[in-house]
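Remember, it's 1-based here, ligands and their atoms both numbered in the order they're listed. On a predicted model such as this, the values are computed, not experimentally measured, just so you know.
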Amino acid sequence: MTTPTKGHSRHDTALIHGLSASDVQKLSETCIEAKGRAYCPYSHFRVGCSILLTNGTVVQGANVENAAYPVGTCAERVTVATAVVQGAKKGDIRAVAVATDISPPASPCGMCRQFLREFCELNMPILMYDKDGKCTVMTLEQLLPMSFGPEKLLSTEDIQHGLSQ
Ligand SMILES: O=c1ccn([C@H]2C[C@H](O)[C@@H](CO)O2)c(=O)[nH]1
Ligand SMILES: [Zn+2]
């Protein structure tokens, strides 16, 4: 397992995870922009998320809170669910980026890590941007080791027939 890559320039980050410099630029701009659309009147903790699909499309989302506090949803789950209902399949998700107003940057909560696990490859990079736009990158597997995923429940035949997607 590699150590998290912290504070690299955009170019270094791209080299490490096989993302192009323009992919990383797109991810950083879109997750930071999405942070501005957070609905967080209770916590005032804005979280923006963007997902880069293999076809180059970006899907954005932000946290959406609720007066009944536990009903609120994290930015990561809003964004992944949006990508899924737009037709994204496992393997279509190239990278996830998250932006908050703190430093060091926030990382996806446990529930979101498991939610991502359903739809993303274990080696998918998660780019976490701090208040100054500095990026820390870790793979899903680094954030969620020994994870439980759909292939544990579904038979090989089910997976071949696409029922896992
Ligand atoms: O990774 C995180 C951590 C927190 N939140 C949201 C949930 C809630 O609206 C607010 C404070 O926890 O931030 C996210 O969207 N993603
Ligand atoms: Zn979460």
Side-chain angles (χ1 to χ4, degrees), residues 1-8 10 13 16-17 19 23-53 57-86 88-150 152-153 165:
M1 193 164 78
T2 56
T3 51
T5 51
K6 195 168 187 175
H8 280 273
R10 285 173 177 174
T13 302
I16 290 161
H17 291 279
L19 295 165
D23 287 341
V24 175
Q25 170 118 17
K26 205 189 287 186
L27 281 161
S28 69
E29 286 174 1
T30 52
C31 75
I32 291 166
E33 195 250 351
K35 187 177 66 178
R37 300 193 229 159
Y39 175 78
C40 54
Y42 308 108
S43 73
H44 301 287
F45 189 84
R46 305 185 303 164
V47 185
C49 181
S50 61
I51 290 177
L52 178 65
L53 302 177
T57 305
V58 170
V59 179
Q60 291 172 285
N63 52 327
V64 180
E65 297 187 345
N66 192 278
Y69 292 0
V71 176
T73 308
C74 295
E76 296 90 331
R77 278 174 288 142
V78 167
T79 312
V80 173
T82 300
V84 169
V85 298
Q86 287 179 358
K89 303 284 186 243
K90 191 162 194 167
D92 294 342
I93 298 180
R94 180 80 192 79
V96 172
V98 184
T100 56
D101 294 315
I102 59 171
S103 183
S107 65
C109 78
M111 192 181 280
C112 288
R113 293 178 196 199
Q114 183 63 34
F115 199 85
L116 289 165
R117 174 64 177 82
E118 188 80 12
F119 304 105
C120 305
E121 305 291 353
L122 289 172
N123 65 358
M124 184 201 68
I126 298 174
L127 288 68
M128 296 164 277
Y129 288 90
D130 77 358
K131 62 176 172 46
D132 303 313
K134 194 170 92 175
C135 183
T136 299
V137 186
M138 292 181 73
T139 65
L140 179 57
E141 188 167 31
Q142 287 174 319
L143 290 175
L144 192 67
M146 280 192 73
S147 62
F148 189 86
K152 305 281 194 295
L153 295 175
Q165 299 182 349

Any heavy-atom pair between the side chains of [Y] and [X] that's under 4.5 Å?
X    : Y    : result
T139 : P125 : no
C74  : C112 : yes
L144 : L122 : no

Only one of I51, L116, V47 forms a side-chain contact (heavy atoms from CB on, under 4.5 Å) with T79, so which one is it?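 Considering I51, L116, V47, a side-chain contact (heavy atoms from CB on, under 4.5 Å) with T79 is found only for I51.
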Side chain of E65, backbone of G72: donor and acceptor closer than 3.5 Å?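 No: the side chain of E65 does not pair with the backbone of G72.
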Contact between ligand 1 and A106 is defined here as a heavy atom of the residue under 4.0 Å from a ligand atom; is it met?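 Contact check A106 vs ligand 1: negative.
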Is C40 in contact with ligand 1, taking contact as a heavy-atom separation below 4.0 Å? no
At the Zn ion (ligand 2), what is the angle formed between atom SG of C109 and atom SG of C112, rounded to the nearest 10°?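 Output for this angle: 120°, rounded to tens.
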Sub-4.0 Å atoms of ligand 1 with respect to non-hydrogen atoms of [X]:
X    : value
C109 : 1 (O)
E76  : 1 (O), 2 (C), 14 (C), 15 (O), 16 (N)
A75  : 14 (C), 15 (O)
N63  : 6 (C), 8 (C), 9 (O), 10 (C), 13 (O), 15 (O)
S107 : 1 (O)

Using a strict threshold of under 4.0 Å (side-chain N to carboxylate O), is an ion pair present between R46 and D101?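 Salt bridge between D101 and R46, a charged N being under 4.0 Å from a carboxylate O: yes.
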Does E65 reach ligand 1 with a nitrogen or oxygen that is under 3.5 Å from one of the ligand's nitrogen or oxygen atoms? yes
Evaluate R113 against S107 for side chain to side chain donor-acceptor pair (under 3.5 Å), listing each step before the verdict. CA-CA 9 Å; R113 293 178 196 199; S107 65; 2.7 Å; yes
